[in-house]
2 protein chains.
Amino acid sequence: MQEKKKIPKSVASRLSLYLREISRLEDEGGDKVSSVELGELTGLTDAQVRKDLSYFGQFGTSGSGYEILKLKNILRDLLGKDNIWHIVLIGAGNIGSALLRYPGFKNQGFIIKEAFDIDQKKIGKCYGEVTVKDVRQINDIEKDRSIKIAIITVPVDSAQDVAEEVTRYGIICILNFSPVILKVDEGVTVRNIDLSNELENFSFILTSAKG
Amino acid sequence: MQEKKKIPKSVASRLSLYLREISRLEDEGGDKVSSVELGELTGLTDAQVRKDLSYFGQFGTSGSGYEILKLKNILRDLLGKDNIWHIVLIGAGNIGSALLRYPGFKNQGFIIKEAFDIDQKKIGKCYGEVTVKDVRQINDIEKDRSIKIAIITVPVDSAQDVAEEVTRYGIICILNFSPVILKVDEGVTVRNIDLSNELENFSFILTSAKG
DNA sequence: AGAGATTTGTGATTTTTTTCACGAAGTAGG
DNA sequence: CCTACTTCGTGAAAAAAATCACAAATCTCT
Ligand SMILES: NC(=O)c1ccc[n+]([C@@H]2O[C@H](COP(=O)([O-])OP(=O)(O)OC[C@H]3O[C@@H](n4cnc5c(N)ncnc54)[C@H](O)[C@@H]3O)[C@@H](O)[C@H]2O)c1
Ligand SMILES: NC(=O)c1ccc[n+]([C@@H]2O[C@H](COP(=O)([O-])OP(=O)(O)OC[C@H]3O[C@@H](n4cnc5c(N)ncnc54)[C@H](O)[C@@H]3O)[C@@H](O)[C@H]2O)c1
């Protein structure tokens, strides 16, 4: 009954990184890892690694570090890696079809179960293991209550509409590739992938460096 | 000679967002915008909008807001939008080719000028306006000193090698899609797009909600 | 078993980022 | 020109995040 200190956002967003590197170490046959080593792998300081992990309990061993298997299981637990997560993707264009073809998601427990498009030329096509359906059938996802995550890869003008629709049908997490801030109900989490934004960050750096 | 207060990282990363929404407003024929309105469009508070912009001077008008054209020009200046930025992409696979085909970058002054791959099946192919070259010719980019930005879309095992190579040839900004933390020299900026990470963030949220 | 080295876990501190809150400046309408 | 309203710019305060630094725990070696 002591599990209730709130986890800072910043910490939560790094768990995935820890798990990735821990898994890599495990694959290489390691069985112990120190906060210094894990810090090097993740690009963080050792202190930050320790502090982050300490939010979830004490499972390191002074003088020797963290047991890889144990740490992996804790992180897997936190991240819900024993579940399979079902995803719907809307917009099977350039980016959308690249995502559909990527086998890596499935290996990590993320299955894109449905894909929708508005374009007759896309509908019926099969990418990876998914056949693209007509977006007018999108309420299909309501029947399958297991789909809580949507990936939106439609053009910017349609993104808000699509977001409203999928949230109506039970989606509460949205990964949005369109360059627009989606207005969603409370309780819905949106993460934006904004590639132009990233590039403009570079041009800002390059421009101010010249100053 | 007073231009020297340091701009916080967090502020810099939002400039692009402001410019995007300001440009949208301009397209719609607007000529003034308040911090409240801009806050709504960007998903930020009005106070934050004002504070962010205030790092660059005072160009709002009390009682009426910001002049869109003026604000746009300031942001364009800061972000170096009067330059054309040249980019090299390495790895013309799923994601890489989706990026090559995207016309949006060019419209925003980002030109993917060269693309390289190691696979004979990819070499010689043309995506968008770029023809994929053999990665063994990658030092071509050294001749073209205008290329400072690289997009890395190779498999995880090659990413570190590619990063080392491109930085040797003058790249100082890297947009990395591979799920690995790149070790680069000081002075090189890396931004990671880690889609599995984003999805795991969702599964963390969904898992802890159930808790 | 003891000495010396390593590494954790965490309060305290510092830094960074966001929010608050209000005076000053400007607008609008008579 | 006066009153009522709007909106900016910004110090001050609060909140969030990162870093420091060290006691305590454990390990290794002899
Ligand atoms: N491709 C990139 O490299 C890239 C880079 C940055 C941003 N983006 C953004 O990502 C989004 C997708 O880009 P893209 O290049 O894949 O575009 P795209 O045009 O190739 O694909 C968009 C797909 O969405 C479909 N669509 C349109 N309206 C729809 C609707 N209402 N319901 C369902 N499907 C609909 C279209 O038929 C098309 O297949 C865009 O918002 C774009 O701005 C893409
Ligand atoms: N596609 C996705 O949706 C997705 C999602 C998450 C992460 N990623 C990551 O993005 C990266 C690319 O993914 P993808 O799906 O496009 O992979 P992909 O296999 O389709 O493409 C990779 C390309 O890189 C080329 N390549 C390999 N080694 C190279 C080298 N040394 N130099 C030059 N080219 C080389 C390959 O020939 C191939 O064309 C991977 O690291 C992947 O983990 C992709």
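The sequence lines fix the lettering, A, B, ..., with proteins before strands; numbering per chain opens at 1. Atoms considered below: every heavy atom in the structure, side chains included; atoms not considered: hydrogens, waters and symmetry mates. No experiment lies behind these values; they were computed from the predicted model shown.
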### Query
Quick one: is A/Gln58 getting a side-chain N or O under 4.0 Å of the D/dA25 phosphate, OP1 or OP2?
no
#### Entry: Contacting residues from residues 64-76 of chain B, given that a heavy atom lies under 4.0 angstrom of DNA chain D
B/Ser64, B/Gly65, B/Tyr66
### Query
Quick one: side-chain contact (heavy atoms from CB on, under 4.5 Å) partners of A/Ile193, sequence neighbours excluded?
A/Leu175, A/Phe177, A/Leu195, B/Ile193, B/Leu195, B/Glu198
### Task
For A/Asn197, check side chain to side chain donor-acceptor pair (under 3.5 Å) against everything at least two apart and list the hits.
none
### Query
Would a 4.5 Å heavy-atom cut-off, applied to side chains only, mark A/Pro8 and A/Tyr55 as touching?
yes
Do any side-chain atoms of residues 180-190 of chain A form donor-acceptor pairs under 3.5 angstrom with protein atoms, and if so which ones, sequence neighbours left out?
residue	atom	partner	partner atom	Å
A/Lys183	NZ	B/Glu40	O	3.2

### Message
Restricting to side chain to side chain donor-acceptor pair (under 3.5 Å), what partner residues turn up for A/Thr153, sequence neighbours left out?
### Response
none
### Query
Starting at CD1 of A/Ile7 and ending at P of D/dA17, how long is that distance when rounded to a whole Å?
12 Å
### Task
Give the rounded distance in Å between these two atoms: NZ of A/Lys6 and C1' of D/dA17.
12 Å
### Query
How would you list, by chain and number, every residue that makes a side chain to side chain donor-acceptor pair (under 3.5 Å) with A/Lys72, sequence neighbours excluded?
A/Glu26
### Message
Expressed as a whole number of angstroms, how long is the span from A/Lys9:NZ to C/dT18:P?
### Response
12 Å
### Task
With the side chain counted from C-beta on, respond yes when A/Tyr18 and A/Ile74 share a heavy-atom pair under 4.5 Å apart, and no when they do not.
no
### Task
Could you pull out all residues at least two apart from B/Tyr102 that satisfy ring-ring contact (aromatic ring centres under 6.0 Å, His included)?
B/Phe105
### Summary
Note: contacts of residues 21-52 of chain A with DNA chain D (heavy atom, under 4.0 Å) are A/Thr45, A/Ala47, A/Gln48, A/Arg50, A/Lys51
#### Entry: Contacts of B/Glu129 that satisfy side chain to side chain donor-acceptor pair (under 3.5 Å) - sequence neighbours left out
B/Lys106
### Query
CG of B/Leu53 versus P of C/dT18: gap in Å, rounded?
14 Å
### Summary
Separation of D/dA17 atom P from A/Tyr55 atom OH, nearest Å, is 8 Å
### Query
Taking only N and O in the side chain of A/Ser62, is any of them less than 4.0 Å away from OP1 or OP2 of C/dT6?
no
### Query
Taking atom P of D/dA17 as reference, at what distance in whole Å does atom CG of A/Leu15 sit?
13 Å
### Summary
So salt bridge (charged side-chain N to carboxylate O under 4.0 Å, His left out) across residues 161-171 of chain A, not counting sequence neighbours, yields none
List every contact pair, protein side and nucleotides 28-30 of chain D side both N or O, where the distance is under 3.5 Å.
none

### Query
Tell me the salt bridge (charged side-chain N to carboxylate O under 4.0 Å, His left out) pairs involving residues 10-19 of chain A, sequence neighbours left out?
A/Arg14-A/Asp52
